[in-house]
Peer 1: 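Structure provided below as structure tokens; questions to follow.
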Amino acid sequence: MNIGILVKEGPYNHQASDTAYMFAVAAIKRGHRVDAVFLYNDGVLNVTKLMDPPQDDRHISSRWAQFSLKHNTRIYACVVASKRRGISDDIVIEGADITGLGTFTEIATRNDRLLTFG
Amino acid sequence: MNIGILVKEGPYNHQASDTAYMFAVAAIKRGHRVDAVFLYNDGVLNVTKLMDPPQDDRHISSRWAQFSLKHNTRIYACVVASKRRGISDDIVIEGADITGLGTFTEIATRNDRLLTFG
Amino acid sequence: MLHTVNKSPFGNNTLETCIRFAAPGDPILLIEDGVYAVQAANRFASLIETILKTNPLFALQPDLTARGISMIASGVTTVDYEGFVELVEQHRVNSWL
Amino acid sequence: MLHTVNKSPFGNNTLETCIRFAAPGDPILLIEDGVYAVQAANRFASLIETILKTNPLFALQPDLTARGISMIASGVTTVDYEGFVELVEQHRVNSWL
Amino acid sequence: MHVLRHAPHGTIYSYEGVEMILIMATYEQDISVVFIGDGVYALKKGQDTSAIGTKGFAKTFKAFDGYDVEKLYVDQLSLEERGLREDDLVVDIEVVSSGKIGELMHEQDVIIHH
Amino acid sequence: MHVLRHAPHGTIYSYEGVEMILIMATYEQDISVVFIGDGVYALKKGQDTSAIGTKGFAKTFKAFDGYDVEKLYVDQLSLEERGLREDDLVVDIEVVSSGKIGELMHEQDVIIHH
């Protein structure tokens, strides 16, 4: 199966990004492809490379960057939502792009499933 | 009266920052002093200077920067909460500082009132 | 002590929780989505009536206007941001989130 | 169609809303704070019983473990993240937030 | 299908939901929009956000027609609980039962809650 | 007074609330902590977050004593609704009525909800 994921809440403050990640890992394990992760609302905050959590905690944006590289999954942040919240190309992790909702429309239509976490 | 304000949610996603701002303006109008605004949880996102909302919308971090300058109100973002969410000195507006919760302890104790918006 | 409530009573139990702990006579100020509680003839009409027997109830007019709420439960007082400040002058604050 | 619910039923009406719109037979999967609904002997015990008459109810084990919930309402099936994926293989998804 | 369930103004979910709907409509998606719970408040007539400083968007619903977003449904019970009637709303919209909305949901490939 | 009202793990409010409490305690503030609603779940025994990848903090409550944070109160009704009893909790804590918590609140200069 091809799977698209939509994340609507920010890192650490909500579990959404963690659940999306765990689900994505399990989907890969079961032989599926995670086509793309699209970030909306505060979800766009998941890809700032400036985040610097305590050492004994997970690093949410690095985790997505590694997942993207390993599984060829593109991470997209909505441009309008990003601009509101101060997410710009300069501070975005490798593997992620800031893009329009047209990209999300394609993700929602071309995949077998779309899951939302928020 | 001396007033301290605590903001616990991020800009645009929640009205908290708008209400805090409107309250602060009204408090000044009634002759009070707004000693400091402390940002916690996603509230720390209120002071990124990278935010770039649509032209016909309010610019939340600039608005706080101007308020800070005009009324000599210091804006503080909690350092641990900021690190988790990718807020660092490099991207913070004029008038705001990233600081520890010790600063908040002082704000909570030295003022006549503490209001929380979240 | 002034209590503020900023969540809609339909999706969230904040108002009901606040009431359970507020002392009789404590003013309660509804702000942001909290003001939906006092729209006339909604599901919370009788709860609002009950609250008013023991506690003065205020709603922030700018938030009512923003939401297009013009008919509100009788007995509820509306205030603007300066009225909010006046309430804060008179009371310490307990902001329920 | 698989419904997921991620909010605690105590603070938030998401589970009740989901049930109102789910078709009989649709599986419902509780995740994150949603799993608090199925802790045995809580206020929602009878609601859970009612749901189970028409809909299979699942709860995500990692979220139960994280929250220290070991006793759950009988009739509820626990799944891990791979079980979550299996449910998604079988059904389109309606994620209630 | 897009489902609006949050009240406007207190949080941005409905507003950014509407932004998403309008963009997706330009890509000629067959879009339906359902208003449930506090989401129905987004449709309330007479909203004026100028005094709270946020951006209003009730007028946007009137533009839906121009974007060919015509399948709008509002949940009857949600209106009733809030003491609202059809003519309290900014657009003509089909008021339907929970059962009908449930049926519509069942036909969808993709459902997004805002 | 700090009031914990959110469930742990689904959102960060209780966790960052506890971080705030511990720091404020080092400044020798006279601190009381009240658990209401879903906030009582933070105290549940046997929590293990390793499988969801987030940071647990239930053990932190055992450290409260060392920081002289000793005035802990849990709302009785909140426990009851959740089918929880005193010995389901990680620390010895005073279970009190809503009325008692209301009285304590009334004595406070500053109340922070998390």
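Below, chain A is the first sequence line, B the second, and so on; all start at residue 1. Computed over heavy atoms, backbone and side chain alike; hydrogens, waters and symmetry mates excluded. Not measured: the values here are computed from a predicted model.
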Peer 1: Hey, could you give me the CD/OG1 distance between A:Gln15 and F:Thr54, rounded to the nearest 0.5 Å?
Peer 2: 6.0 Å
Peer 1: Crowded around A:Lys29 NZ? As in, over 12 foreign heavy atoms under 6.0 Å?
Peer 2: no
Peer 1: For F:Ile52 versus A:Asp18, what's the shortest heavy-atom pair and its separation?
Peer 2: O-CB, 4.0 Å
Peer 1: Side chains of F:Lys55 and A:Asp56: closer than 4.5 Å at any heavy-atom pair?
Peer 2: yes
Peer 1: If you compare all heavy atoms of A:Asn13 against all heavy atoms of F:Tyr13, which two are closest, and at what distance to 0.1 Å?
Peer 2: ND2-OH, 3.2 Å
Peer 1: Is it true that atom CZ of F:Phe57 has more than 12 heavy atoms of other residues, nucleotides or ligands lying nearer than 6.0 Å?
Peer 2: yes
Peer 1: Could you list the donor-acceptor pairs under 3.5 angstrom formed by side chains in residues 20-28 of chain A, with sequence neighbours left out?
Peer 2:
none

Peer 1: Please look at A:Pro54 and chain F and tell me whether the side chain, the backbone, both or neither of the residue comes under 4.5 angstrom of a heavy atom of that chain.
Peer 2: side chain
Peer 1: Using a 4.5 Å heavy-atom cutoff, which residues in residues 70-99 of chain F come close to chain A?
Peer 2: none
